[in-house]
Amino acid sequence: MSTPWKPITTEANLHASTVSNIGLSRYVRLLNTGAVGAEQLVTLKNVGTTTIGTFTIEGQQEVIIQKDPTDTLIGHATVEAVGIALNSN
């Protein structure tokens, strides 16, 4: 069973030319809307633009990540991102 969550920002894609902190969100849900097998790389950077890390999301898969509010994400236009609040109830 997945963790319940609620959106706290508007969903938008992680176009490679756009750097976003996703509304200063601490938790972010990412969905790769690309076809199965269409892997997309996502890069997490700090406010100083230093790369913290990278990860790949498979096509038609979603992940929830935790980041510092000022950290930014860069990805592909098929990767949708929305800031979320986790609900433990």
Legend entry - side-chain contact (heavy atoms from CB on, under 4.5 Å) between T70 and L24, worked out: CA-CA 6 Å; T70 56; L24 297 172; 4.3 Å; yes
Inset, instruction - Answer yes or no: is there a donor N or O on one side and an acceptor on the other, between the side chain of K67 and the main chain of P69, under 3.5 Å? - result: yes
Legend entry - Within one Ile-Leu-Val-Met-Phe-Trp-Tyr cluster: V42 and L44, side-chain cutoff 4.5 Å: yes
Inset, instruction - Answer whether the closest heavy-atom distance between the side chains of L14 and L30 falls below 4.5 Å. - result: yes
Legend entry - Cluster overlap I52 with V28, hydrophobic side-chain contacts below 4.5 Å: yes
Legend entry - Residue pair L73 / I65, side-chain heavy-atom distance below 4.5 Å: yes
Inset, instruction - Please confirm whether the backbone N or O of K6 pairs with a side-chain atom of N87, one donor and one acceptor, at under 3.5 Å? - result: no
Legend entry - From I84 atom CD1 to E11 atom CD, the distance as rounded to the nearest 0.5 Å: 11.0 Å
Inset, instruction - Working to the nearest 0.5 Å, report the span between CD1 of I57 and CG of L31. - result: 8.0 Å
Inset, instruction - Give, for atom CD of E39 and atom CD of Q61, the distance between the pair rounded to the nearest 0.5 Å. - result: 11.0 Å
Legend entry - Gap between atom OG1 of T9 and atom CG of N21 - 0.5 Å precision: 10.0 Å
Inset, instruction - Please examine the side chains of V82 and R29, heavy atoms only from C-beta on, and report whether any two atoms are closer than 4.5 Å. - result: yes
Legend entry - Nearest heavy atoms of Q40 and N32, plus distance in Å: CG-ND2, 3.5 Å
Legend entry - Q60 side chain to T33 backbone, donor-acceptor under 3.5 Å: yes
Inset, instruction - Check whether any side-chain heavy atom of R26 sits under 4.5 Å from a side-chain heavy atom of D68, and report yes or no. - result: yes
Inset, instruction - Indicate the atoms forming the closest heavy-atom contact of S25 with G83, along with that distance. - result: OG-CA, 3.2 Å
Legend entry - V63 with I22, same ILVMFWY side-chain cluster at under 4.5 Å: yes
Inset, instruction - Specify the closest pair of heavy atoms between G34 and T78, including all atoms of both residues, with the distance to one decimal. - result: N-CB, 3.9 Å
Legend entry - Validation row: I64, T3 side chains within 4.5 angstrom (heavy atoms): no
